[in-house]
Structures are given as C-alpha cells and as structure tokens.
Visitor: 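One structure is given below, represented as structure tokens, and several questions about it will come after.
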Amino acid sequence: MPEIIEKKTYAGILEKCYKFTAAEEAKAANLYPYFRMISSPQDTEVVIGNKKMLMLGSNSYMGLTNDPRVKKAAMEATEKYGSGCAGSRFLNGTLDIHIKLEERLAAFVDKEAALVFTTGFQTNLGTISALVGKDDYVVIDKSDHASIIDGCRLGFGKIVKFNHNDPESLEQRLASCPDGEKLIVIDGVYSMEGDIAKLPQIVDAAQKQGAAVMVDDAHSIGVLGKRGNGTADHFDLTDKVDLIMGTFSKSFASIGGFIASTNEVIEYLKHFARALIFSASPTPACAAAALTAIDIIEKEPERREKLWSNTYKMLNGLKDMGFNTGLSETPIIPVIIGDNMGVFKFWRYLHDEGIFVNPVVSPAVPPNMAIIRISVMATHTESQLDHALEIIHKGGRMLGFI
Ligand code: PMP
C-alpha cells in the first residue's frame, strides 16, 4: 500500500506557525509547563487532573478569589445587571457600579479621579499611547511589564529605556532627551525580580527634568501602602506621582484595570484612550468583585500582615537553603536557576510533587537568568509553606542547584 502523506498547503505568512515545534517537543519530553488546566477555584490549593496541588504561582496576593463575600457580590451583580454590558464605557457600557468603582478607586489611592478599563493590559496600552505623542519621550525601566512596552509601541513618541531600578541611569537617559515632554513609566513592584521601585530617587530625577511619573501598581496593590493602596503611599509620595495604574487581576480578585490621576488627566483619557473607547466594559460581576475586594483589603489589614510574614518565611527559608532569590523583597520570589533546561527539570520535579510554581525562561528573562517564580498569598498556612520548602529543598539538592 502506498503511504499517504497528508500535505498541508498554506500561505507564506503562516509558514512560521507550521515550523514552530518547540512547544510540541517540550510536550513530548514531558517538560511543557504552560496552559495547565485547573478545575477548581484559584486558591492556596488547586486541582489539576485528579490531583491537589499547593498553589505557589498565583497573583491572588490577598487570597480573595474564592472569598464568599467577593463571590456573592459578583453573583448579585450578575442577577441585577446581567452577564455583560454589550458595549464600551464610551457608549452603552457604563453602569452605575463602574462609576461607583471609579470613585472608590480614586479615594483608595488618594487621587482626584480614576478610570476603569477592561484589563490592566489595556489600561497601560490606552493610557500611555494616549499621552505620549510624536514629539514626546516615554522613559521606561528595562524590566517594565510587557503591557507598558506595548503601550509605548502604540504611541508615536520615542522610547528610552534605563537600567533596571537604577535612578542614576534614569537621570542620564532623561538628560539625553532634553527637547521634548517626558513620561516616566515604572512598575511599583517588578513582576519577575520582586523588588520595589526606588520611587523617591525616581521622583527626584523626574522633577529635575520636568517629567511626569506613572507607576504600574499591578503587584503593589494590597501589598504595599498603609491601606494596601500601593507604592506611592508606601513612600508617602502620592502627590509626586502623576498617574497610578492598577489591575483587578491580582489582589482585587477579579479582572479589569484602572488609571488614577487628576480630574483633567482622566477626562482627557476618557476621550483619547482607544483601548477604553473601542473595547467592551468590564462585566458587572468583575466590577462588583473588585469593589468588594477593596472593602475587604481596607477592613482587614491583618491579611497584609499575614502576607508579609508569609513572604519573609518563604524568602528567608529559600535563602537559608542556599538558593539565589536575586533582588526579591516582596511576595514575588524568583529562584534563580540559570539555564532554561534546569528550570524545566526543577519545575517538573515540583509539579510531580504537587507544588505549582511558574517557570520563567529566556527571552522573558535575560539569558542564563531563568527562574522558578514563586508567589506567596496571605492565605497560605505555615504548614503549607513548610511543606513547600521541604519539597523545594529536596528537589534543589537532587538536581544540584544547592
Ligand atoms: N502590569 C503588570 C506589572 C502586570 O504584571 C500585569 C499582569 N501580569 C499587567 C500590567 C496586566 O494586567 P492584567 O492582568 O489586568 O491585564
């Protein structure tokens, strides 16, 4: 019988897709760590297949995604308003709870006004591209989040990068672009390194050069600040930060994003941020969940205290074992392994032992800086963390990382 070979035809633009085999190869080698299918709520324990896993890879820092109060608010909002808004904030998609949420967010971060987008990613795309015009500069940290970089790419201004969390490098870069208006955009807490932005020095440099400052507080909301209200409050610099951005997808246990600033800046963004105007608004359930999460974060400061004691337990535990945790000083803890394959092997070991962590490899991190990214939640128990540390220690020894 002649062998039948199925021949696929495709346009040249798609050739790269047919040639992309890295993911298939990793799956075949049982080393593919992405798109793992979870069949339970996002909590300190999740279910994958039929197996319970200890979750150390979630951004739900406050542990509120499965909180009965947050879930009830989402369900009640669905009952009252339906499942979606069928349009953008700009036209038919603004509900009274969106406005209530914006007022609540502005008060939470101590700014005059706030604007709610459908995701944090869109918030950065819409805000940066609306503000940075053709003759302007956007000055960003080399480790800024992908959504900031893409926001810069969508704008027509010039993009200038400074060395990670290095105010001297920022000053030099600012001095190299004297002939235009400037917006500095930084993360409050860096999503891979887990360090906190050196905001006092950054604000100083900005003021000397007449630059505006925008802080992405995706990983700082709930975590830093006297009321969990972010990096600017943590440093008592809220009046020196022009724009505060946040997402609902982490401590706020929902999905959505916001930008907070003066009334005038928000009014401008309402009319120029394309990612807001041309995209449907957050669902009623999302808005209600975020509103309830803010209330809980403010009323229950013990969550933040527990988050920090869990953070120190994990961070010190890993350091004591001899792991390199880089610059981390927050619930985001990178365990620096170095090469991609080493990380995949460690990930596999931890996964098989029931520990969920995220491998982050080059090019998402610089070459030879591949990490196992651990993130800690307020709701982890001491015994969960002890168990994780024990397994991590065993795996690290077995694979020769410590
Ligand atoms: N900024 C930072 C620093 C982030 O880490 C993320 C998400 N990982 C975003 C923005 C985008 O937020 P969202 O998930 O709401 O799109």
Side-chain angles (χ1 to χ4, degrees), residues 61-62 102-115 120 123 127 139-141 143-145 148 162 164-171 174 182-191 193-247 250-252 257-266 293-309 311-312 327-332 378:
Y61 301 115
M62 293 284 105
E102 286 173 345
E103 287 167 1
R104 188 75 180 82
L105 286 162
F108 184 61
V109 297
D110 292 313
K111 288 287 175 197
E112 282 176 8
L115 183 59
T123 309
T127 301
V139 185
I140 59 174
D141 187 294
S143 295
D144 272 354
H145 188 257
I148 295 176
F162 63 96
H164 175 55
N165 217 358
D166 179 350
E168 254 180 51
S169 166
L170 169 63
E171 284 212 31
L174 283 172
K182 303 169 205 69
L183 175 68
I184 299 168
V185 189
I186 54 166
D187 286 10
V189 168
Y190 284 87
S191 57
E193 294 83 353
D195 53 341
I196 301 172
K198 293 178 184 156
L199 193 60
Q201 296 94 315
I202 288 167
V203 159
D204 265 359
Q207 291 201 322
K208 278 189 215 152
Q209 297 278 340
V213 176
M214 170 170 161
V215 178
D216 176 333
D217 262 347
H219 299 277
S220 331
I221 294 286
V223 178
L224 296 180
K226 289 178 273 306
R227 288 174 289 120
N229 50 345
T231 316
D233 186 79
H234 172 76
F235 287 108
D236 271 325
L237 286 170
T238 302
D239 55 335
K240 304 260 172 24
V241 170
D242 301 276
L243 298 115
I244 296 176
M245 176 272 171
T247 168
K250 305 183 195 317
S251 288
F252 286 169
F258 75 92
I259 188 81
S261 188
T262 59
N263 286 324
E264 292 80 359
V265 171
I266 295 304
I294 301 173
D295 285 345
I296 296 172
I297 291 170
E298 275 196 334
K299 278 192 212 131
E300 298 177 2
E302 60 274 18
R303 284 181 179 269
R304 197 161 40 265
E305 283 156 26
K306 186 71 187 352
L307 176 68
W308 279 101
S309 71
T311 296
Y312 292 128
L327 304 169
S328 175
E329 51 184 331
T330 66
I332 297 172

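Computation of the quantities below employed the complete heavy-atom set of this structure, encompassing side-chain atoms and omitting hydrogens, waters and symmetry-equivalent molecules.
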Visitor: Run the side-chain donor-acceptor check on residues 194-201: report pairs under 3.5 Å with partners two or more places apart or on a different chain.
Guide:
| unit_1 | atom_1 | unit_2 | atom_2 | d |
| --- | --- | --- | --- | --- |
| D195 | OD1 | H164 | NE2 | 3.2 |
| D195 | OD2 | H164 | NE2 | 2.7 |
| D195 | OD2 | N165 | ND2 | 3.3 |
| K198 | NZ | N165 | O | 3.3 |

Visitor: Are D141 and D187 side-chain neighbours, meaning at least one heavy-atom pair lies under 4.5 Å?
Guide: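 Of all side-chain heavy-atom pairs linking D187 with D141, none is under 4.5 Å.
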Visitor: Could you check if a side-chain atom of M245 sits within less than 4.5 angstrom of a side-chain atom of T127, using non-hydrogen atoms only?
Guide: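 No - every pair of side-chain heavy atoms lies 4.5 Å or more apart.
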Visitor: Does the side chain of I294 come within less than 4.5 Å of F252's, by heavy atoms?
Guide: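 Yes, side chains in contact.
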Visitor: Got a second to check how far T311's OG1 is from K306's NZ, nearest 0.5 Å?
Guide: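 Between T311 OG1 and K306 NZ, I get 10.0 Å after rounding to 0.5 Å.
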Visitor: Just how far is it from atom OG of S143 to atom CD1 of I148, taken to the nearest 0.5 Å?
Guide: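 CD1 of I148 is found 10.5 Å from OG of S143.
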Visitor: S169: what forms a side chain to side chain contact (heavy atoms under 4.5 Å, CB included) with it, not counting sequence neighbours?
Guide: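 In terms of side chain to side chain contact (heavy atoms under 4.5 Å, CB included), with neighbours along the sequence ignored, S169 is linked to F162, N163, D166, R173.
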Visitor: Just jot down the side chain to side chain contact (heavy atoms under 4.5 Å, CB included) partners of A107, sequence neighbours excluded, or say none.
Guide: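 For A107 there are no side chain to side chain contact (heavy atoms under 4.5 Å, CB included) partners, ignoring immediate neighbours.
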Visitor: Quick one: CG on L224 to CG on N229, what's the gap to the nearest 0.5 Å?
Guide: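 Reported to 0.5 Å precision, the distance equals 9.5 Å.
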Visitor: Can you measure from CD1 (I221) to CD1 (I297) and round to the nearest 0.5 angstrom?
Guide: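 The distance works out to 8.0 Å.
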Visitor: Do S261 side-chain atoms and D242 backbone N/O form a donor-acceptor pair below 3.5 Å?
Guide: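 Judged by distance alone, yes, a pair lies under 3.5 Å.
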Visitor: Do any side-chain atoms of residues 202-211 form donor-acceptor pairs under 3.5 angstrom with protein atoms, and if so which ones, sequence neighbours left out?
Guide:
| unit_1 | atom_1 | unit_2 | atom_2 | d |
| --- | --- | --- | --- | --- |
| K208 | NZ | E171 | OE2 | 3.1 |

Visitor: Taking the side chain from K111 and the backbone from T238, do they hold a donor-acceptor pair closer than 3.5 Å?
Guide: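 Indeed, once roles are kept as given, a pair shorter than 3.5 Å links the two residues.
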Visitor: Can you find a heavy atom in the side chain of F108 that is under 4.5 Å from one in the side chain of F258?
Guide: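 No, too far: nothing below the 4.5 Å cut-off.
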Visitor: Which pairs pass salt bridge (Lys or Arg N to Asp or Glu O under 4.0 Å) with one or both residues in residues 211-238, sequence neighbours excluded?
Guide: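 Found D110-R227, K226-D233, K226-D236, R227-E298.
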Visitor: Got a second to check how far L183's CG is from L243's CG, nearest 0.5 Å?
Guide: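 The CG atom of L243 is 6.5 Å from CG of L183, to the nearest 0.5 Å.
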Visitor: Could you tell me which residues satisfy salt bridge (charged side-chain N to carboxylate O under 4.0 Å, His left out) with E300, sequence neighbours excluded, listed by chain and number?
Guide: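 Partners of E300 under the salt bridge (charged side-chain N to carboxylate O under 4.0 Å, His left out) test: R69, R303.
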Visitor: Which pair of heavy atoms, one from S251 and one from V223, lies closest together, and at what distance?
Guide: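 Closest pair (atom of S251, atom of V223, distance): OG-CG2, 4.4 Å.
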Visitor: With heavy-atom distances below 4.5 Å as the criterion, would you say the side chains of E112 and V265 are in contact?
Guide: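 Of all side-chain heavy-atom pairs linking V265 with E112, none is under 4.5 Å.
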Visitor: Which pair of non-hydrogen atoms, one from G225 and one from R304, has the smallest distance, and what is that distance?
Guide: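 Distance-wise, the nearest heavy atoms are O-NE, 3.5 Å.
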